[in-house]
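Just so you know, ligand 1 is whichever comes first in the structure, and atom 1 is the first atom listed for that ligand. In what follows, residues are counted from 1 in the order of the sequence shown. On a predicted model such as this, the values are computed, not experimentally measured, just so you know.
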Amino acid sequence: MKFLVVGGAGYIGSHMVKHLLLAGHQVVVADVMPAHSGVAWVNLDIADRPALDALFASHRFDAVFHFASFIQVGESVSDPGKYYQNNVAATLCLLQAMIQADVRQLVFSSTAAVYGDPQYVPIDEAHPKAPINPYGRSKWMVEQMLEDFDRAYGLRSVCLRYFNAAGADPDGMLGECHEPETHLIPLILQAASGRRPAVTVFGRDYSTLDGTCIRDYIHVNDLASAHALAIDYLQAGGASTAFNLGNGEGFSVEQVIAAARSVTGRSINVIEAGRRAGDPPSLVADASKARQILGWHTQYALLDDILGHAWKWEQQYPWR
Ligand code: UDP
């Protein structure tokens, strides 16, 4: 099949592109950053409707994967316009171009942030959607738009609600590289490698086992395999729906730091800080729906594997 991967130069998108190419599919990446060498890349912002129309006119895509969005919760609070423009308005532009080009299957990168403060854990897909920041609201708005686009135009979609994407491709050639980096695991590993003096722990007064926040870390390659299954599901005529993607096991910030010390064999300095705004104490997925309906199985559920692969990437990091 032939796929358009929007945001295919980014962290999760680049792992997806590799997965699709290894499975023998044709892939075109649309991104404002260059894709990895050897991958067909179009320098395109999805807010640019004429450029999108030209792209759809020159390729016959079977489906679209949409990974292109801004992801920083704090920034979404201070600059919500940026998030509603890129994550919502530009996505609407993409959807309209898809309808015009008669491409009616989409896998959309959503997030556990659509749930807001959990009313119960593990969180299943039926949990109330009450996002507590513009980032989560932007993703939930798109999910609702997609429901309407299915009803009105027959665009079928799968929304994949990621918990904490982490890890790196095991061969060490792909990995996480955000600028600025705000995610826990890369920051811990940068402290381990000496690129940072320490990692900051945001809050030790949560109602958790050791007082630090609990998250469900899911390997980026396991996310990629779920996306591939989501396309199979849509190809087989599956109805539009959403799936949680997580391991169903939570680790505290303290536990992740301890595991990283053991995996890397390095000392990791810690700085204590207060709570970060907008952090729920515990986010853990109930991903049984993805297992049952998509037949999804995680390959790298162990935190040590997630950390080990991310550590390999950190050590090969080309700009070190
Ligand atoms: N965290 C931390 N120090 C950091 C970055 C993150 O203590 O430098 C904590 C954060 O408060 C949260 C967890 O680690 O409880 C995961 O944060 P991350 O930003 O990686 O992902 P999020 O859960 O926000 O999607």
For atom 19 (O) of ligand 1, the option (of Arg204, Glu254, Arg276, Arg196) bearing the nearest heavy atom: Arg276

Donor-acceptor contact below 3.5 Å, side chain Thr264 vs main chain Arg266: yes

Pair Tyr120, Asp124: side-chain N/O donor-acceptor within cut-off below 3.5 Å: yes

Atom NE2 of His178 with >12 non-hydrogen neighbours under 6.0 angstrom: yes

Atom 9 (C) of ligand 1 - nearest protein heavy atom and its distance: Val253 CG2, 3.8 Å

Ring geometry between Tyr11 and His15 (parallel below 30°, tilted from 30 to 60°, perpendicular above 60°): perpendicular

Ring-face cation contact, Tyr153 with Arg104, 6.0 Å cut, 45° max: no

Phe65 reachable from Leu44 in the ILVMFWY side-chain graph, under 4.5 Å edges: no

Numbered atoms and elements of ligand 1 in range of Val201, under 4.0 angstrom, heavy atoms: 7 (O)

Name of the residue among Arg161, Lys129, Arg137 meeting salt bridge (Lys or Arg N to Asp or Glu O under 4.0 Å) with Glu143: Arg161

Nearest protein heavy atom with distance in Å, relative to atom 7 (O) of ligand 1: Phe202 N, 3.0 Å

Donor-acceptor pair, side chain of His219 and main chain of Ala168, under 3.5 angstrom: yes

Closest to atom 13 (C) of ligand 1 among Phe251, Tyr135, Tyr206, Tyr217 (heavy-atom distance): Tyr217

Ligand-side contact atoms (ligand 1) for residue partner Leu187, heavy atom cut-off under 4.0 Å: 8 (O)

Minimum-distance protein heavy atom relative to atom 15 (O) of ligand 1: Cys213 CB, 2.9 Å

Close N or O approach (Asp279, ligand 1; < 3.5 Å): yes

Leu184 N/O under 3.5 Å from ligand 1 N/O: yes

Protein residue, atom and distance nearest to atom 5 (C) of ligand 1, heavy-atom basis: Thr182 O, 3.5 Å

Ligand 1 atoms in contact with Thr200 (distance to a heavy atom under 4.0 Å): 2 (C), 3 (N), 4 (C), 7 (O), 8 (O)

Nearest protein heavy atom with distance in Å, relative to atom 21 (O) of ligand 1: Asn164 ND2, 3.0 Å

